[in-house]
Amino acid sequence: MKLYNTETKIKTEFVPINPEHVTMYVCGPTVYNYCHIGNFRPPVVFDVLARVLRAKYPKVTYVRNITDIDDKINAAAAEQGVSIAHISEKFTQAYHDDLAVLGVRDVDVEPKVTEHVTEIHQEIQSLIDRGYAYEAQGHVLFSVASYSDYGKLSKRDPEELLAGARVDVATYKKDSGDFVLWKPSDDDQPGWDSPWGRGRPGWHIECTAMAAKHLGDTIDIHGGGNDLVFPHHENERAQSTCSHGAKFVNYWLHNGLINMNQEKMSKSLGNVLLLKDLAKEIPGEVIRYILLSAHYRAPLDWSDDVIQQAKSSLERLYGALRKMVDVDVPSDIGNQIPRAFDDAMSDDLNTPKALAELFALAKQANTATSIDEQVTIKAAMMQSGQWLGLLQQDPEVWFSGDRDAAQADEIERLIVERAQAKADKNWARADEIRDRLSAKKVVLEDSANGTIWRIES
RNA sequence: GGCUCGAUGGCAGAGUGGUUAUGCAGCGGCCUGCAAAGCCGUGUACGCCGGUUCGACUCCGGCUCGAGCCUCCA
């Protein structure tokens with residue numbers, strides 16, 4: 001398959017270091033608050049990538065970390081008068097709950113920073129030993145000037161990064177672009193003993209330590225939102241390369257951001273839509289569909305219009321599947337994923353094009369005349385849907401929306417009554433029942449095989 | 001200011017040097033008791049100005065506008 005690499009700025013054939021084992025690292029959340037929909041674009045996008053890779057390679061190890069050491073967590077704990085662990089555990093759980101709503105599969109390893117302080121110490125020591133880092137006033141800093149390749153990932157001029165007059169330069173820094181690997185903690189701040197005194201890790205070294213421990217010095221794919229390119233990934237690249245003396249990442253993948261009213265959705269801007277809130281309004285699968293309806297590198301504008309369109313689009317796909325509920329797909333049918341779908345997914349994860357292939361299958365399903373045809377189409381839709389993490393629900397469940405069994409029974413009872421009215425050619429009564437259900441957002445669909453219902457989207 | 005990226009029909013969103021993206025919405029038809037769903041048909045879309053070319057939405061240059069990064073941020 002082909003992937004676009006941020007570092008080389010071109011799309012190239014993906015060649016793993018070990019064809020038997022693909023390695024992938026994605027930056028996870030800092031657990032100090034609930035996550036918004038923008039935060040979930042990387043987990044969803046890279047979940048899809050992992051699914052495709054697992055279909056194509058014998059083994060994939062996908063690592064996504066939890067950042068549970070951070071000054072924002074400390075601040076939240078202090079503000080709420082609870083322990084730091086309480087905050088990080090609470091929001092780690094919330095994150096997992098949200099991922100489940102979106103149908104994101106578990107990663108292979110989900111390392112926590114608190115469990116990797118020793119590894120972080122080792123990385124820092126290695127950087128000091130190799131002459132890339134220095135100690136100053138209780139801090140350990142990475143010396144940007146010591147690494148000639150610095151700035152290459154984010155296409156930044158190293159001279160400018162060194163000089164960088166924009167921010168107040170801390171007195172202990174040799175160059176303003178130098179960044180912290182270890183910083184001292186006051187008595188009232190959380191800290192870990194280290195060769196450089198009691199303190200806590202800087203903002204970038206954790207990923208270096210965790211990626212190295214779980215995936216090795218050189219990894220195939222590293223992903224994240226494109227707002228992480230600088231400084232986070234640039235710094236990770238510098239740390240890992242200098243600490244291990246090896247290339248860090250072969251393919252850097254970055255997703256575009258989600259916009260809210262033409263502006264990036266971000267916690268600092270305050271224009272966020274929390275996933276847990278949105279999920280009360282619309283199914284997680286609709287959110288996932290929206291996230292996959294644009295190419296992952298393109299920006300995505302969030303709007304009510306987009307939500308409505310996604311609902312209707314998914315209805316079309318589930319509608320085709322619903323017509324084939326009685327079609328049994330043999331478990332040994334083998335790979336039925338259409339070539340065009342595979343090609344689209346293999347072309348730098350072109351999910352919009354892949355979805356178009358899914359709609360082509362839906363049309364085939366709606367016009368199929370034989371069971372044999374339907375078996376093949378249904379298998380193709382289900383397997384393709386699995387790559388995207390869509391269409392895996394029972395269509396009946398999907399169309400019944402938020403109605404419980406008792407409500408469904410009542411609807412069925414009215415449908416039976418209406419069927420009798422229709423048989424009696426009592427159209428007034430039949431329409432009255434339909435209108436009554438319509439008022440409750442239940443839409444009826446008559447067919448040769450009887451009447452089915454769905455919840456209005 | 002510097003560095004990246006983008007500008008496609010009412011909306012969302014792929015793609016291509018000369019042929020239908022796809023979906024949503026709309027319109028006409030079929031089906032239906034009427035609907036809904038589905039099917040068939042339907043839209044003179046490619047920011048602006050130049051250039052290259054037999055031919056450009058697609059390549060090149062300039063411009064305008066928008067977004068991201070340059071500070072924590074997915």
Side-chain angles (χ1 to χ4, degrees), chain A residues 6 9 26-30 32-33 35-46 70-72 75 151 153-157 159-161 164-168 177 179 203 223-232 234 254-259 262-269 272 289-290 293-295 297-301 303-317 319-320 322-323 340 344 347 350-360 362-363 365-367 399 421-422 425-428 430-431 434-435 438 443-448 451-454 456-457:
Chain A
T6 305
K9 291 167 65 179
V26 173
C27 293
T30 300
Y32 70 100
N33 205 338
C35 290
H36 58 75
I37 50 176
N39 293 307
F40 286 102
R41 198 171 186 191
V44 168
V45 163
F46 292 106
D70 188 277
D71 287 351
K72 283 198 284 274
L153 176 64
S154 56
K155 320 295 174 206
R156 254 156 249 268
D157 180 1
E159 292 297 321
E160 197 180 304
L161 292 170
R166 259 184 89 102
V167 251
D168 291 337
F179 54 90
W203 309 290
N226 72 11
D227 54 347
L228 291 185
V229 175
F230 189 91
H232 187 55
E234 189 71 56
H254 292 99
N255 61 270
L257 305 181
I258 291 181
N259 293 147
Q262 334 282 24
E263 200 180 33
K264 168 171 92 149
M265 183 180 297
S266 83
K267 290 169 189 168
S268 33
L269 289 171
V272 299
Y289 181 95
I290 295 169
S293 65
H295 185 86
R297 283 191 279 116
L300 181 60
D301 284 304
S303 70
D304 290 343
D305 227 28
V306 160
I307 294 172
Q308 196 51 47
Q309 289 180 20
K311 276 184 189 169
S312 299
S313 302
L314 265 177
E315 265 187 13
R316 177 167 171 78
L317 296 174
R322 190 181 204 182
K323 286 189 175 156
D347 182 15
N350 191 337
T351 52
K353 197 174 185 185
L355 283 170
E357 297 303 331
L358 224 37
F359 284 105
K363 175 144 296 186
N366 289 334
T367 51
F399 281 112
K422 283 177 66 178
K425 298 205 185 299
N426 184 353
W427 308 128
D431 290 348
R434 190 170 61 195
D435 291 345
S438 177
V443 181
L444 298 187
E445 291 175 21
D446 293 335
S447 78
T451 300
I452 55 177
W453 61 276
R454 65 184 165 84
E456 193 179 299
S457 64

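In what follows, every heavy atom counts, from backbone to side chain, and hydrogens, waters and symmetry copies are set aside. Computed from a prediction, not measured in an experiment: that's the story for all the values here. Chain A is the first sequence line, chain B the second, and so forth, proteins listed ahead of strands; every chain is numbered from 1.
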Practice problem: Please measure how far the P atom in rA56(B) lies from the corresponding atom in rC46(B), and state the result in whole Å. | Solution: 14 Å
Practice problem: Describe the nucleic acid contact of I258(A) in one word from base, sugar-phosphate, nothing, applying a heavy-atom distance below 4.0 Å. | Solution: base
Practice problem: Let me know the distance between NZ of K264(A) and C1' of rG66(B), rounded to the nearest Å. | Solution: 16 Å
Exercise. Would you kindly give the NE2-to-P distance between H36(A) and rA74(B), to the nearest whole Å?
Key: 6 Å
Quiz item: Out of rA36(B), rA14(B), rA74(B), which nucleotide sits closest to the side chain of K353(A)?
Solution: rA14(B)
Quiz item: Nearest heavy-atom pair of L300(A) and I290(A): which atoms, and what distance?
Solution: CD2-O, 3.7 Å
Self-check item: Pairwise P distance for rC57(B) and rU20(B), with rounding to whole Å
Solution: 16 Å
Quiz item: Which part of the nucleic acid, if any, lies within reach of K9(A) when heavy atoms closer than 4.0 Å are counted: base, sugar-phosphate only, or nothing?
Solution: sugar-phosphate
Exercise. Send over the distance from L355(A) CG to rA21(B) P, rounded to a whole Å.
Key: 18 Å
Quiz item: Expressed as a whole number of Å, how far does the P atom of rG33(B) sit from that of rG10(B)?
Solution: 38 Å
Practice problem: Could you tell me whether a side-chain N or O of R41(A) sits under 3.5 Å from a main-chain N or O of G256(A), the two making a donor and an acceptor? | Solution: yes
Practice problem: Looking at every strand, decide which applies to L228(A) at a 4.0 Å heavy-atom threshold: base, sugar-phosphate, or nothing. | Solution: sugar-phosphate
Quiz prompt | Distance (rounded to the nearest 0.5 Å) between L257(A) CG and N226(A) CG | solution = 4.5 Å
Practice problem: State which residues pass salt bridge (Lys or Arg N to Asp or Glu O under 4.0 Å) with D347(A); sequence neighbours excluded, sorted by chain then number. | Solution: K11(A)
Exercise. Starting at the 5' end of RNA chain B, write a dot or bracket for each base, bracketing those in Watson-Crick or G-U wobble pairs whose two distances are under 3.5 Å and using | for partners on another strand.
Key: (((((((..(((.....[...))).(((((.......)))))....(((((..]....))))))))))))....
Quiz item: NA contact type, H232(A), heavy-atom cut-off 4.0 Å: base, sugar-phosphate, or nothing?
Solution: nothing
Quiz item: Across the strands shown, which category fits N39(A) at heavy-atom distances under 4.0 angstrom: base, sugar-phosphate, nothing?
Solution: base
Quiz item: Looking for any heavy atom pair under 4.0 Å, which part of the strands does V229(A) touch: base, sugar-phosphate only, or nothing?
Solution: nothing
Practice problem: For rG9(B) and rC5(B), measure between their P atoms and round to the nearest Å. | Solution: 23 Å
Exercise. Please list, chain by chain and in numerical order, all residues satisfying salt bridge (Lys or Arg N to Asp or Glu O under 4.0 Å) with R316(A), sequence neighbours excluded.
Key: none
Quiz prompt | Reported CD-to-OG distance for the pair Q308(A) and S303(A), which is rounded to 0.5 angstrom | solution = 10.5 Å
Quiz item: So what does G319(A) touch, heavy atoms closer than 4.0 Å: a base, only the sugar-phosphate, or nothing?
Solution: nothing
Quiz item: Excluding sequence neighbours, so at least two apart, what forms salt bridge (Lys or Arg N to Asp or Glu O under 4.0 Å) with D70(A)?
Solution: none
Quiz item: What's the closest nucleotide to the L300(A) side chain, out of rG13(B), rU22(B), rG2(B)?
Solution: rG13(B)
Self-check item: rA67(B) OP1/OP2 closer than 4.0 Å to side-chain N/O of N259(A)
Solution: no
Quiz item: CD of E357(A) versus P of rA21(B): gap in Å, rounded?
Solution: 14 Å
Exercise. Could you tell me whether K323(A) contacts a base, only the sugar-phosphate backbone, or nothing, with contacts defined as non-hydrogen atoms closer than 4.0 Å?
Key: sugar-phosphate
Exercise. Report the distance from atom CG of L317(A) to atom P of rU22(B), rounded to the nearest whole Å.
Key: 14 Å
Quiz item: Considering only the P atoms, how many Å lie between rU32(B) and rA25(B), rounded to the nearest integer?
Solution: 23 Å
Quiz item: So which heavy atom on F46(A) is nearest to which on G223(A), and how close?
Solution: CZ-CA, 3.5 Å
Quiz item: Side-chain N or O of K363(A) less than 4.0 angstrom from OP1 or OP2 on rC40(B)?
Solution: yes
Quiz item: Between rC39(B), rC70(B), rA14(B), which nucleotide has the shortest distance from any of its atoms to the side chain of A298(A)?
Solution: rA14(B)
Exercise. Return the 5'-most residue of the pair R297(A), V306(A) with respect to RNA chain B, ranking by each residue's nearest nucleotide.
Key: R297(A)
Quiz item: Which heavy-atom pair separates A362(A) from L317(A) by the least distance, and what is that distance?
Solution: CB-CD2, 4.0 Å
Practice problem: With sequence neighbours excluded, tell me which residues meet salt bridge (Lys or Arg N to Asp or Glu O under 4.0 Å) with K264(A). | Solution: D227(A)
Quiz item: Looking only at atom P, what distance separates rC34(B) and rU16(B), rounded to whole Å?
Solution: 46 Å
Self-check item: Nearest-nucleotide 5' precedence on RNA chain B, S447(A) against Y289(A)
Solution: Y289(A)
Quiz item: Taking atom C1' in both rA74(B) and rC60(B), what distance in whole Å separates the two?
Solution: 35 Å
Quiz prompt | Summary of protein contacts for nucleotides 24-34 of chain B, nucleotide by nucleotide, where a base hit scores B, a sugar-phosphate-only hit scores S (4.0 Å, heavy atoms) | solution = S--------BB
Practice problem: Take atom P in rG62(B) and the same atom in rC3(B), then report the distance between them in whole Å. | Solution: 13 Å
Practice problem: Round to a whole Å and report the spacing from CG of D347(A) to C1' of rU22(B). | Solution: 16 Å
Self-check item: Atom-pair distance (NZ on K155(A); P on rC70(B)), nearest Å
Solution: 17 Å
Exercise. Side-chain contact test, heavy atoms from C-beta onward, threshold under 4.5 Å: evaluate it for M265(A) versus N259(A) and give yes or no.
Key: no
Practice problem: Considering only NZ, NE, NH1 and NH2 on the basic side and carboxylate oxygens on the acidic side, decide whether E234(A) and R156(A) come within less than 4.0 Å. | Solution: no
Quiz prompt | Length of the line joining F179(A):CZ and rC69(B):P, which is rounded to integer Å | solution = 19 Å
